[in-house]
Enquirer: 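Below is the structure I would like to discuss, written out as structure tokens.
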Amino acid sequence: MTQEVLFNSIKDAIRDVVNNQKLDVEANSLLIGDLGLESIDFLDLSSEIENTIGFELDFKEVVEHLKQKSSGVADIKGLTVQNIIDFIETKKA
Amino acid sequence: MNDKIATASSLRVLWQKHQIPDLSLAAQAWVDPVFEDSIPNIRRLAVENSDIVVPDPKAFRSMSRASLVLSSWAEEIKSVLSPFLEQSSFSVGIYCAVENGPIDGPSTAEIIKRSSEQFDVSFAEAYRKLRNPKMYLKQLPNLVPAQLGISLGVQGPMNVYTHSIDGSLQALEQAKIDLSSQFVKAALVVSAHTFDDFWVVKRSRKQDARVLCEGAAGLILVNTEVDSGIDNKNSLMDMKKSLKSDFFYDLQNYFGISDPLVNLIRNREGRYNI
């Protein structure tokens with residue numbers, strides 16, 4: 001799965017979760033700050049990604065992974081769409 | 001306090017609304033492909049969930065059809081309630097009669113299928129993987145008035161009634177009690193009967209042989225010195241009598257949990273200030 005396909009799948013999933021097909025989703029969009037996701041949306045998004053991409057995404061794991069990489073992401077508020085793409089690619093590799 | 005109760009002799013309907021299908025259209029059957037079963041003789045509201053405009057579209061995936069229908073009235077209700085809400089957001093109560101929201105049919109069917117063998121292992125695994133977390137929220141009847149309350153800015157008492165026949169009468173009676181005791185200054189009584197969950201609708205079907213219709217109704221009640229025809233002193237048992245001729249029985253159509261409220265408002269159409 002290429003980065004572009006992965007990005008489009010995640011973008012569609014986010015749009016479905018927040019019920020807004022026109023939502024402007026960029027790779028560097030913050031999930032909470034820019035896209036307005038709330039705690040229940042993360043569970044929904046995880047479920048949506050698992051259904052579409054077949055990858056079981058644990059956001060807590062994503063944050064821990066980024067902390068270990070000293071990426072500057074301290075908590076879930078700092079997560080971007082690109083962080084998810086990178087995490088899935090790393091785990092799938 | 002007692003003096004106030006004594007002066008509150010009657011209720012006034014400040015606002016009322018109902019939404020029902022076109023009753024001249026032929027009744028149909030609801031066929032559920034997941035459970036391979038059908039419910040005959042039904043009539044749906046002529047609106048798809050995706051076309052219902054609600055104040056917070058983001059909450060869409062957490063809302064049952066009943067919640068969507070009632071939330072779509074929020075702006076209209078807010079305009080009527082705003083004088084009360086400007087004084088205090090706690091001065092208005094919501095009294096809501098709805099049945100449980102839908103289970104996630106496809107995932108339920110899949111879970112049942114998977115769990116037939118190693119039940120404890122496969123059931124837990126399938127449940128975790130297949131259940132969309134927002135489906136739980138759709139199921140909860142108390143989320144219907146909660147969403148409405150959020151949209152309206154109401155922080156007063158929120159009451160939910162799920163009795164499949166008397167739910168909307170119970171809602172109406174509690175509103176009367178709270179108004180007569182000055183516990184609230186305005187009461188929003190709402191009910192929606194929607195075809196969300198196949199098994200809940202099937203139960204409603206068995207309760208009554210008339211055309212089973214979706215329907216929603218709501219009214220805002222306040223205390224008044226002027227006789228509205230709605231006596232606020234009687235018990236639930238006397239409710240139909242106390243509403244005098246305002247209730248009527250539709251011989252052809254049945255609106256499930258909302259039936260009394262829908263028919264009350266159908267019969268009162270156009271009468272607000274009595």
Side-chain angles (χ1 to χ4, degrees), chain A residues 1 6 8-26 29-64 75-81 83-84 87-88 91-92, chain B residues 34 47-72 74 101-111 113-114 121-140 142-144 146-147 149-151 196:
Chain A
M1 194 177 276
L6 203 48
N8 286 331
S9 299
I10 292 169
K11 181 171 73 178
D12 290 346
I14 290 170
R15 284 177 171 175
D16 284 345
V17 165
V18 301
N19 189 38
N20 181 358
Q21 296 305 319
K22 291 176 182 168
L23 184 70
D24 186 20
V25 182
E26 303 292 341
S29 299
L30 289 164
L31 297 179
I32 292 176
D34 296 330
L35 304 177
L37 264 63
E38 293 167 0
S39 55
I40 185 72
D41 297 324
F42 280 92
L43 289 169
D44 199 7
L45 182 59
S46 183
S47 170
E48 200 72 26
I49 287 173
E50 191 171 347
N51 287 337
T52 53
I53 303 171
F55 184 84
E56 207 175 308
L57 186 66
D58 181 343
F59 284 96
K60 201 175 165 188
E61 210 182 317
V62 181
V63 173
E64 286 306 314
D75 55 32
I76 206 157
K77 286 180 187 169
L79 277 189
T80 64
V81 175
N83 291 148
I84 301 174
F87 181 79
I88 293 173
K91 292 293 174 182
K92 278 200 160 185
Chain B
V34 176
V47 62
E48 293 304 319
N49 286 5
S50 54
D51 297 329
I52 300 174
V53 179
V54 290
D56 180 8
K58 216 175 141 224
F60 181 85
R61 279 161 70 105
S62 308
M63 294 167 82
S64 64
R65 182 166 167 83
S67 186
L68 290 168
V69 169
L70 293 176
S71 282
S72 71
I103 57 162
D104 182 355
S107 78
T108 302
E110 185 68 19
I111 289 167
K113 207 190 309 172
R114 285 196 191 191
V121 178
S122 62
F123 179 85
E125 179 68 8
Y127 199 82
R128 191 187 62 74
K129 274 184 177 293
L130 295 167
R131 283 283 166 151
N132 182 317
K134 283 184 181 170
M135 286 307 300
Y136 294 115
L137 300 180
K138 277 192 177 187
Q139 276 182 271
L140 301 175
N142 62 330
L143 273 215
V144 180
Q147 283 293 351
I150 292 166
S151 305
D196 261 327

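Labels below follow one simple rule: chain letters A, B, ... track the order of the sequence lines, proteins then strands, and each chain is numbered from 1.
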Enquirer: Within this structure, what is the CG-OG distance for the pair A/Asp41 and B/Ser62, rounded to the nearest 0.5 Å?
Expert: 7.5 Å
Enquirer: Which atoms of A/Glu38 come close to chain B, meaning under 4.5 Å heavy atom to heavy atom: side chain ones, backbone ones, both, or neither?
Expert: both
Enquirer: Side-chain contact, heavy-atom cut-off 4.5 Å: B/Lys134 with A/Val17?
Expert: yes
Enquirer: Using a cut-off of 6.0 Å, state whether more than 12 heavy atoms not belonging to A/Lys77 lie near its atom NZ.
Expert: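 At most 12 heavy atoms, drawn from other residues, nucleotides or ligands, come within 6.0 Å of this atom.
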Enquirer: Step by step, would you call A/Val18 with B/Lys58 a side chain to side chain contact (heavy atoms under 4.5 Å, CB included)?
Expert: CA-CA 5 Å; A/Val18 301; B/Lys58 216 175 141 224; 3.9 Å; yes
Enquirer: Quick check for you: among B/Ser50, B/Ala59, B/Pro57, which has the greatest number of heavy-atom pairs under 4.5 Å with chain A?
Expert: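 Most heavy-atom pairs under 4.5 Å with chain A: B/Pro57.
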Enquirer: At a heavy-atom separation under 4.5 Å, does A/Asp44 approach chain B through its side chain, its backbone, both, or neither?
Expert: both
Enquirer: Tell me, for A/Leu45 versus chain B, whether the close heavy atoms (under 4.5 Å) come from the side chain, the backbone, both or neither.
Expert: neither
